[in-house]
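All residue numbers in this chain count up from 1 along the given sequence.
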Amino acid sequence: RRVLFRSNIEMTHAGGGPAGTDAGFEVWTKDGFETSDVKFINCKALGCYAHGFYFQSDNYNGGINRNFLLDGCQAIHCGYGPKAWSTGIDYAEKTQLHDSIITNYYVSGTWESGFHTEYPTIKRNVIISNCFSGWNGRANQDSDDPYYGTGFWVGSGTTLTSCVSYGNGVAVNGAEIGRASCRERV
């Protein structure tokens, strides 16, 4: 069993183009496999072509990510390329995410939503706490979708606590979330 641990790494203008990746930091879990015990501590994705952080699989719910920890990370001005729907952190694009924590995370100025997931994906016991999401969805003002610049786009199985959404199109969008301790500042 391998543990992936990354700390104090700064990725600037990463992804896309010749590099061929969709993010500054990307975890791709192949269908039928599980990736577990992954930690990103104090990592920064600055001005990346598409996503800052991106967790993906081949097909919806095909792979499982378990016991991920992202602490003190940042995604700033990500999504300057032509790829629509680029986010600060897409923590469950097609992969499942279980028993994971995203904390003390700062996202601002991304192409689309700050924190993002796809609804068909399964999330279980995902906690997002003490995070800030601001000024997202600003790079593409041509979208008619009111949720394009959402601060926290989450789904069932995800709990938000002590988070702040500031200057986004929509503060929080999702189902079965604990919003009581989250606030929007205007």
Side-chain angles (χ1 to χ4, degrees), residues 15-16 22-26 40 44-56 60-61 65 68 70-97 100-186:
D22 283 326
F25 298 89
E26 183 171 359
F40 292 98
K44 296 179 183 178
L46 306 174
C48 294
Y49 176 83
H51 305 281
F53 292 73
Y54 189 50
F55 305 146
Q56 173 70 288
Y60 281 108
N61 297 312
N65 291 339
F68 276 37
L70 287 88
D71 189 358
C73 296
Q74 298 178 16
I76 301 171
H77 300 296
C78 294
Y80 66 84
K83 182 179 173 111
W85 296 96
S86 294
T87 67
I89 175 171
D90 190 340
Y91 63 93
E93 175 63 20
K94 289 186 178 177
T95 186
Q96 298 181 40
L97 185 62
S100 297
I101 298 171
I102 301 168
T103 188
N104 304 312
Y105 201 108
Y106 180 90
V107 176
S108 73
T110 62
W111 189 263
E112 190 240 336
S113 44
F115 292 75
H116 186 85
T117 183
E118 290 297 314
Y119 280 113
T121 61
I122 297 170
K123 280 85 55 190
R124 291 192 178 115
N125 193 30
V126 176
I127 298 170
I128 300 176
S129 67
N130 299 311
C131 294
F132 176 87
S133 183
W135 309 284
N136 297 297
R138 299 298 182 233
N140 184 359
Q141 296 296 312
D142 298 330
S143 176
D144 291 332
D145 187 339
Y147 296 105
Y148 196 85
T150 300
F152 296 89
W153 182 288
V154 298
S156 62
T158 303
T159 302
L160 296 175
T161 59
S162 301
C163 296
V164 174
S165 178
Y166 182 84
N168 298 296
V170 174
V172 178
N173 181 45
E176 300 176 28
I177 55 176
R179 296 192 237 191
S181 63
C182 297
R183 65 187 189 278
E184 178 178 23
R185 293 192 315 203
V186 181

**Request:** Could you point out which residue of Phe68, Tyr91, Phe25 forms a ring pair (Phe, Tyr, Trp, His ring centres under 6.0 Å) with Phe55?
**Result:** Phe68

**Fill in**
On a heavy-atom basis, the closest approach of Arg124 and Ile122 is CZ-CG2, 3.8 Å

**Request:** Search all heavy atoms of Val107 against all heavy atoms of Gly114 and return the closest pair with its distance.
**Result:** CG1-CA, 3.5 Å

**Item:** Residues in side chain to side chain donor-acceptor pair (under 3.5 Å) contact with Asn61, at least two apart in sequence or another chain
**Value:** none

**Item:** Donor-acceptor side-chain pairing of Ser86 and His51 below 3.5 angstrom
**Value:** no

**Item:** Interatomic spacing from CG in Asn125 to OG in Ser100 - rounded to 0.5 Å
**Value:** 8.0 Å

**Message:** Side chains of Asn136 and Thr110: any donor to acceptor distance under 3.5 Å?
**Reply:** yes

**Message:** Taking Asp90's backbone N and O only, do any of them form a donor-acceptor pair with Thr87's side chain (distance below 3.5 Å, no angle check)?
**Reply:** yes

**Message:** Under a 3.5 Å distance rule, please check whether Trp153 uses its side chain to pair with a backbone N or O of Asn173 as donor and acceptor.
**Reply:** no

**Asked** Is any side-chain heavy atom of Ser133 less than 4.5 Å from a side-chain heavy atom of Val164?
**Response** no

**Over all atoms of both residues, closest heavy-atom pair of Ala45 and Cys78** = O-SG, 3.5 Å

**Message:** Using every non-hydrogen atom in the two residues, find where Gln74 and Phe53 come nearest and quote the distance to one decimal.
**Reply:** O-CE1, 3.6 Å

**Asked** Of all residues at least two apart in sequence or in a different chain, which pass the side chain to side chain donor-acceptor pair (under 3.5 Å) check with Thr95?
**Response** none

**Prompt:** Just checking, any donor-acceptor pair under 3.5 angstrom between side chains of Ser165 and Asn168?
**Reply:** yes

**Phe132: which of Tyr106, Phe115, Tyr105 passes ring pair (Phe, Tyr, Trp, His ring centres under 6.0 Å)** = Tyr106

**Item:** Heavy-atom side-chain proximity of Ile101 to Leu70 below 4.5 angstrom
**Value:** no

**Request:** Would you check if Ile128 and Thr158 make a side-chain contact, meaning some heavy-atom pair closer than 4.5 Å?
**Result:** yes

**Glu93 to Tyr60 - nearest heavy-atom pair and separation** = O-CE2, 3.4 Å

**Message:** Between Lys123 (side chain only) and Thr121 (backbone N and O only), is there a donor and an acceptor less than 3.5 Å apart?
**Reply:** yes

**Item:** Polar contact flag, side-chain donor to acceptor under 3.5 angstrom, Ser129-Thr103
**Value:** yes

**Prompt:** What's the shortest heavy-atom distance between Cys163 and Phe152, and which atoms?
**Reply:** CB-CZ, 3.7 Å

